Each structure stands twice: as structure tokens, then as C-alpha cells.
Amino acid sequence: MNVLTNRQARQFILLKHGLLGEHKFIGKQGVLDFIRQAGCVQFDPVDVCGRSADITLHARVKGYTKVILDELLYTDRRLIDHFDKNLAIFAVEDIPAVFYKKPGGGYAEAYDNRGGEAVKQTEPLIRLLIAERGHVSAGEVNVDNSIEWFWGNMTSLPRAALESMYFRGELIIHHKTGTNKSYAFMKDHIPPEILNAPPPFGSYEECLAWHIRRRIGAVGMLWNKSSDAFLGLSIKAAERDAAFRRLIDSGAVFEVAVEGGKMPLYILEDDRALLETVLSAKEYPPRCELIAPLDSFIWDRKLIKALFGFEYTWEIYTPAVKRKFGAYVLPILYGERFIGRVEAVCERKTKTLVVKNIWYEDGVKQTKKLGAAIDGCLRRFAEFNGCVGVDNNC
């Protein structure tokens, strides 16, 4: 078993993610390559300075623009936004595996009865409208009723019905206008050889091992313990243990130790060559990147604290009086370490990226070189967000 230094473990994860040294993901193909490597990119619609999925891709993919992701989702149909690790974006070829249902459970069953008869009675009208128009949004369905929906909130009945049909896999998002979604039949936009593919797994246990392997690849290395990296799988500890044993016995993953660590970590066999590269002690030029709140790199916050000594909480759902930093704060990665965090807001009217605050980690020396790296990072980030300037008085 390989025993890694803390630095080697950090380098491995950063190189795996394409966040250290030269860019390994470039342009539209780079977006596809990274999402296939990660399995999925977690999605959230909040756009303070870019949506989380866009920020994730911007940090890795040279030449990335928000238009690229929209094209891959809604024009090229190479990607789909649906449930995986919560709401996420993944490759369409993964649909048979991701949509494979646990016997007696899964998204289809969980949402089939949500909203009751009112939702079911609205669905025939929605099917008729989509058949006539090709796609439809909630505002185009002339049903003036509200219904209790997520977390006890009220929403329009058409929206509830559309989302229910989407959750079950009958509908796909045709396109978005801002946060407004228009839906279409999945069968009209996904190739039949994908939708009609036979079940990809012989058992739910095999399916779960596939998902666990995918989440290990998404983070880079993971331990066999409760982790936010496994969100969306609804697994018990015994099921997770069995999945890890299956992966180890099949040779799909191998075990490593990190000096000072209390338990082993697991790496994909496919990444053994990358580990050998790290062990060769090569030096890499530093890059400065902003990391998204839902970036797969930091899915396991405890792992990040153990390896990088950095604690991060996305405080968007934390009451304002209890926030330590701010509602939408992004970690700043420079080279092989987190050097701080930044709160930045895109002012749409003035097309300015306003930097409200930067908090540096203890022990970080604010040198001219670091300042120039952060300034360059913020200017690239502003351009990515369609801003023409940066207002930074921090």
C-alpha cells in the first residue's frame, strides 16, 4: 500500500481536477471530458457571480464560457440536467445507469404521489400541450391553482405537475430563460438506443458500487465513511461497506494511506498512472482559481480540512446573524493551498464585479506576487461573468 505525504495527496487531487499546473481541459471538449471524469457537476440556480456549475467549469476549462454549457445541454444534447448528486449535470450516455431504480424506491416512486390527484389530473393537459407545441413552461399551462410543494412552500399546480413529470423521467428541460424552465418529452430529445437500453446492472448492489466508484472519481480520493460526497444515494453504512468491498475485490479501486491519517483512502485503478506522476516529485507552476460552493473537489469538507487545513461552509442557508463570512463566499485556491476566500457580486447594471471582501487564511503573506495572481484571477472571473471591470478595494 502506498503511503503518501500530505502534499502528495493534495497534488494528486489537484492534478486529477486539472487545478494545478497547465490546463488539461480545454474548450467544449474539455467540458465534456471533465464532466465524464467527475460523473456529474452539481447544479444550483443561484447566480450571484455565476452559477455553481459554471464556476466549477470556469476554474478548470480553458476558454470556458456559459454559452458552452447551455449548448451542450439544450442544443447538442450531450449533457442532461437531472437528479444525480442532488440536482446535477451529467453525460446523456449515463442516463440508463443514473435512472436505474432501487427496488421499491427511487425518484420515480418518491415523486409519483407528491401533489396527489391534483398533479395527476393536470398531467394530461401538459402532455397535450407539449405534443402540440414541442415544449411548454409552467406559465403557458392555463391552470390557476396552487399546491403545497417542496419544504411546505406553495407553488403553482402547473409547475408542480411539470416538475413531477420531470423527476420521474418523462420530461426533460428543453431550455431555460433565466430561471424559467421549458419542458419537453425526453423521448423526443434523447436517442432511443439510450432510453431503450436494457438495465445496465444485474442488481442494485452492482448499481451502488458503480455510483460509489463514480463519486470516488469525482473527488479524486475518498474514504469509506459517511460523506457529503455520497449525497443522493440514500445508502446505509452496511451498503456502503459492501460496495467498497466489491470495488476492492474487483480491482476497480486501490487503497492508499496519508501520513498522519486515521483511515485509508481509495483511488480509482484508472488513476494509478497519475499517482505515479505525483510520486515522481515534479513541480508545477501555481494557478489562482476560485472554487465553487458545490464543486466536487470540496464535496467532502472533512477530507479538505484533513488534507488542506481549510474549513469551508457555504453560508447561503445560514441566518445572516450567524454567518462567519458571507452568503456567497468562494474559496481562493493558489497553487497547492487555499489562501483565503472572497465575496464578490456581479452588478449587472454597471457590468462590474464588486469585491466586497477578501479573508486571508492565517499565515498567508500578502506578497506582490500573490496580489498579482489574485488580481488576474478576479479579472478573468469578471470577464467570464460578462463584467467589464473589477471594483476591488480590499
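Note that the structure is a prediction, hence the values are computed from the model and not measured.
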| request: Could you label the plane-to-plane angle of the Phe34 and His17 rings as parallel, tilted or perpendicular, counting under 30° as parallel and over 60° as perpendicular? | output: tilted

| field | Gap between atom CG of Leu171 and atom NZ of Lys187 - 0.5 Å precision | value | 10.0 Å

| field | is_close_aromatic(Phe244, Tyr266), centroid dist under 6.0 Å | value | yes

| field | Exercise: do Ser227 and Asp300 side chains pair donor with acceptor under 3.5 Å | value | yes

| request: Provide the closest heavy-atom pair for Gly217 versus Leu268 in the form atom of the first, atom of the second, distance. | output: CA-CD1, 3.6 Å

| request: Flag yes if Val48 and Tyr317 sit in one hydrophobic cluster, no otherwise; membership is Ile, Leu, Val, Met, Phe, Trp, Tyr, and two members link when side-chain heavy atoms are under 4.5 Å apart. | output: yes

| said: Tell me whether Asp271 contacts the main-chain N or O of Ile267 through its side chain, where contact means a donor paired with an acceptor under 3.5 Å. | reply: no

| query | Regarding Thr350 and Glu347, is there a side-chain donor-to-acceptor distance under 3.5 Å anywhere? | reply | no

| query | Atom OH of Tyr284 and atom OG1 of Thr277: how far apart are they, to the nearest 0.5 Å? | reply | 6.0 Å

| request: Using modelled atom types only, decide if a donor and an acceptor are shared between the side chain of Ser296 and the backbone of Ala218 within a distance under 3.5 Å. | output: yes

| Which distance, rounded to the nearest 0.5 Å, do you find between the CZ of Arg214 and the NZ of Lys85? | 12.0 Å

| Would Asn385 and Lys351 count as having a side-chain donor-acceptor pair, cut-off 3.5 Å? | no

| message | According to a hydrophobic-cluster definition based on side-chain heavy atoms being under 4.5 Å apart (Ile, Leu, Val, Met, Phe, Trp, Tyr only), do Val354 and Tyr328 belong together? | response | no

| Which atom of Lys365 lies closest to which atom of Leu370, heavy atoms considered | O-CD2, 3.5 Å

| task | Take Glu269 and Arg272 through the salt bridge (Lys or Arg N to Asp or Glu O under 4.0 Å) test and state the conclusion after the steps. | result | CA-CA 5 Å; Glu269 177 61 34; Arg272 191 178 288 274; 2.9 Å; yes

| Partner of Leu57 under side-chain contact (heavy atoms from CB on, under 4.5 Å), chosen from Phe384, Tyr64, Phe25 | Tyr64

| Verdict with reasoning, Glu93 to Arg36, per salt bridge (Lys or Arg N to Asp or Glu O under 4.0 Å) | CA-CA 10 Å; Glu93 56 263 32; Arg36 285 174 177 145; 2.9 Å; yes

| field | Test log, rule salt bridge (Lys or Arg N to Asp or Glu O under 4.0 Å), inputs Arg246 and Glu205 | value | CA-CA 9 Å; Arg246 179 186 286 265; Glu205 289 72 24; 5.5 Å; no

| Who else is in the cluster with Val321 when I, L, V, M, F, W and Y are joined by side-chain contacts under 4.5 Å? | none

| query | Does any donor atom in the side chain of Arg60 or Thr56 lie under 3.5 Å from an acceptor atom in the other side chain? | reply | no

| message | Can you list, by chain and residue number, the hydrophobic cluster partners of Val329 when the side-chain cut-off is 4.5 Å? | response | Phe325, Trp359

| note | Residue set satisfying side-chain contact (heavy atoms from CB on, under 4.5 Å) with Thr313, at least two apart, ordered chain then number -> Glu315

| query | What's the spacing between Ile358 CD1 and Leu378 CG if we round to 0.5 Å? | reply | 5.5 Å

| note | Of Tyr166, Phe90, Phe167, the one forming a ring-ring contact (aromatic ring centres under 6.0 Å, His included) with His82 is Tyr166

| Non-neighbouring partners of Lys24 that pass side-chain contact (heavy atoms from CB on, under 4.5 Å), sequence neighbours left out | Gln37

| request: For Asp33 and Lys28, run salt bridge (Lys or Arg N to Asp or Glu O under 4.0 Å): C-alpha distance rounded to whole Å, both residues' side-chain angles, the deciding distance at 0.1 Å, then the answer. | output: CA-CA 9 Å; Asp33 290 343; Lys28 182 179 280 190; over 6 Å; no

| said: Measuring from atom CG of Leu233 to atom CG of Asp84, what distance do you get when rounded to the nearest 0.5 angstrom? | reply: 8.0 Å

| said: We want to know whether Asn392 and Asp375 form a side-chain donor-acceptor pair, criterion being a heavy-atom distance below 3.5 angstrom. | reply: no

| field | For the student: nearest non-hydrogen atoms of Ala292 and Ile298, plus distance | value | O-CD1, 3.5 Å

| Is Tyr334 linked to Leu20 within one hydrophobic cluster, defined over Ile, Leu, Val, Met, Phe, Trp and Tyr using a side-chain heavy-atom separation of less than 4.5 Å? | yes

| query | More than 12 foreign heavy atoms under 6.0 Å from CG of Asp249: is that the case here? | reply | yes

| said: For Asn180, is the CG atom crowded, meaning more than 12 foreign heavy atoms sit under 6.0 Å from it? | reply: yes

| task | Report the residues that fulfil side chain to side chain donor-acceptor pair (under 3.5 Å) with Glu170, sequence neighbours left out, ordered by chain and then residue number. | result | Arg127

| request: Could you tell me whether the side chain of Trp314 and the main chain of Leu294 form a donor-acceptor pair under 3.5 Å? | output: no

| request: List the atom of Ile194, the atom of Val92, and the distance in Å for their closest heavy-atom pair. | output: CG2-O, 3.5 Å

| request: For Arg77, check side-chain contact (heavy atoms from CB on, under 4.5 Å) against everything at least two apart and list the hits. | output: Tyr74, Ile172, His174, His189

| task | For this output row, return yes or no: ring centroids of Tyr100 and Trp210 closer than 6.0 angstrom. | result | no

